[in-house]
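The figures that follow rest on heavy atoms only: side chains count, while hydrogens, waters and symmetry mates do not. Here is how names work: the chains are called A, B, and so on, in the same order as the sequence lines, proteins then strands, and each is numbered from 1. Predicted model, so just to flag it, every value in this text is computed and none were measured.
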2 protein chains.
Amino acid sequence: MNIEEKLICEAKVKVLKALAHPTRLWIAEQLADGERCVCEFVDAVGVDFSTVSKHLSVLKEAGIVEDEKRGKQVYYRLKVPCVLKFMHCVEAVIEDQIKDRARLKEHLF
Amino acid sequence: MNIEEKLICEAKVKVLKALAHPTRLWIAEQLADGERCVCEFVDAVGVDFSTVSKHLSVLKEAGIVEDEKRGKQVYYRLKVPCVLKFMHCVEAVIEDQIKDRARLKEHLF
DNA sequence: TTCATATTTGGCAATATAGCCAAATATTAT
DNA sequence: ATAATATTTGGCTATATTGCCAAATATGAA
């Protein structure tokens, strides 16, 4: 792994890390249906307003969402919708695991 | 976000977290070219043997790779190759950011 | 059996992340 | 101007992650 490869990996990792949190992933998935303001997530997620705000800024820093202030509210929307299409593969990994576990169960019992 | 949604998000997050580390991502990408044993990564990555082993076990726990012991060596291979195909989207996010930065630069100078 | 090699595991210190509270900021309504 | 609402920021503690070292385990070689 040379320096250039390392830098590229770190850039990709920033995006992956941003999505690698249950609340942030859920927020990103909700945004697939259209933009939402911060307060809408506060009620839905059940954590502090400041926590939601910070989660959104992580997604923004990673380039996954963009924000727009309109009046008192700040609206967030997906900037790169493919981030959710690519989740299909993550789901495939999970389904694979479920199958493996089922196979193991059959072998044991 | 109800309990079921939360559980599903946590399962997906496990996969994302496993890839969200420069060394682990690089390892996963190398495995696209075929299986490798642990020691091959130790030399290439330049961290402790035990560290590489732990990284590989994180990838294994997440269901991304599988291992097979042959002789003294343990060989790892990609179990779900799409995890790398889905990285194309992550790359798209990064390219988007680069374009944004270029645009900003043009506006300022 | 004894030795060398390949790998995993346990434990520890350093660092990063999450989430709460309080304070700062911005915008609209009164 | 004052108040109320929406959001961000700073600071703090709790928890999680990383990576090293040393020890344990497994396998093939001598």
Side-chain angles (χ1 to χ4, degrees), chain A residues 1 5-7 9-28 30-31 34-77, chain B residues 1 5-7 9-28 30-31 34-77:
Chain A
M1 179 158 60
E5 279 180 316
K6 197 174 177 181
L7 287 171
C9 274
E10 278 165 5
K12 292 178 189 172
V13 159
K14 193 176 175 184
V15 179
L16 290 169
K17 266 192 177 171
L19 290 169
H21 185 285
T23 302
R24 288 197 293 267
L25 181 58
W26 186 83
I27 285 176
Q30 300 312 301
L31 292 177
E35 63 173 23
R36 297 279 148 74
C37 75
V38 188
C39 58
E40 288 180 86
F41 289 126
V42 176
D43 301 331
V45 174
V47 293
D48 198 79
F49 210 122
S50 65
T51 304
V52 174
S53 175
K54 278 177 186 172
H55 278 313
L56 283 162
S57 89
V58 171
L59 289 169
K60 186 182 165 188
E61 273 302 300
I64 296 166
V65 303
E66 55 189 359
D67 62 342
E68 188 187 338
K69 183 155 196 170
R70 290 206 300 276
K72 274 187 288 191
Q73 277 125 339
V74 178
Y75 288 86
Y76 282 85
R77 57 175 164 269
Chain B
M1 177 158 61
E5 279 180 315
K6 198 175 177 180
L7 287 171
C9 275
E10 278 165 5
K12 291 177 189 171
V13 158
K14 192 176 175 186
V15 179
L16 290 169
K17 266 191 176 171
L19 290 170
H21 185 285
T23 302
R24 287 196 295 266
L25 182 58
W26 186 83
I27 285 176
Q30 299 312 301
L31 291 177
E35 62 172 22
R36 297 278 148 75
C37 74
V38 189
C39 58
E40 288 180 88
F41 289 126
V42 175
D43 300 331
V45 173
V47 294
D48 198 78
F49 210 123
S50 66
T51 304
V52 174
S53 175
K54 278 177 186 171
H55 278 313
L56 282 162
S57 89
V58 171
L59 290 170
K60 186 184 166 187
E61 273 302 299
I64 296 166
V65 303
E66 55 189 359
D67 62 343
E68 187 189 339
K69 184 155 195 170
R70 290 206 300 276
K72 275 187 289 191
Q73 278 126 340
V74 177
Y75 288 87
Y76 282 86
R77 55 173 166 268

Which one, dT9(D), dT9(C), dT7(C), comes nearest to the side chain of Lys54(A)?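 Nearest nucleotide to the side chain: dT9(D).
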From the list dA6(C), dT18(D), dT9(C), which nucleotide is the closest neighbour of the side chain of His21(B)?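 For the His21(B) side chain, the nearest candidate turns out to be dT18(D).
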Using a cut-off of strictly less than 4.0 Å, decide whether [X] has a side-chain nitrogen or oxygen near OP1 or OP2 of [N].
X	N	result
Tyr75(A)	dT7(D)	no
Lys69(A)	dT8(D)	no
Ser50(B)	dC20(D)	no
His55(A)	dT17(C)	no
Thr51(A)	dG19(C)	no

Nearest heavy atom decides the nucleotide; on that basis, is Lys17(A) or Lys72(A) closer to the 5' end of DNA chain D?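 The residue closer to the strand's 5' end, by nearest nucleotide, is Lys72(A).
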Classify the nucleic acid contact of Tyr76(A) as base, sugar-phosphate or nothing, counting any heavy atom under 4.0 Å across all strands shown.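 Touches sugar-phosphate only.
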Classify Arg70(B) by what it touches in the nucleic acid, base, sugar-phosphate, or nothing, heavy-atom distance under 4.0 Å.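 Here Arg70(B) touches no strand at all.
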Check the distance between [N]'s [atom2] and [X]'s [atom1] and give it to me in whole angstrom.
X	N	atom1	atom2	answer
Glu68(A)	dA26(C)	CD	C1'	16 Å
Asp67(B)	dT9(C)	CG	P	10 Å
Phe49(A)	dA24(C)	CZ	P	18 Å
Gln73(A)	dT5(D)	CD	P	12 Å
Arg36(B)	dT7(C)	CZ	P	14 Å
Glu61(A)	dA16(C)	CD	P	16 Å
Leu56(A)	dG19(C)	CG	P	13 Å
Lys14(A)	dA16(C)	NZ	P	15 Å

Take the angle between the ring planes of His55(A) and His21(A) and call it parallel below 30°, perpendicular above 60°, tilted in between.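 Tilted.
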Would you indicate whether the side-chain heavy atoms of [Y] and [X] approach each other to under 4.5 Å?
X	Y	value
Arg77(B)	Glu68(B)	yes
Val42(B)	Thr51(B)	no
Glu10(B)	Leu7(B)	yes
Glu61(B)	Lys14(B)	yes

Relative to the 5' end of DNA chain C, which residue comes earlier, Ser57(B) or Val47(A), by the nucleotide with the nearest heavy atom?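 Its nearest nucleotide being more 5', the pick is Ser57(B).
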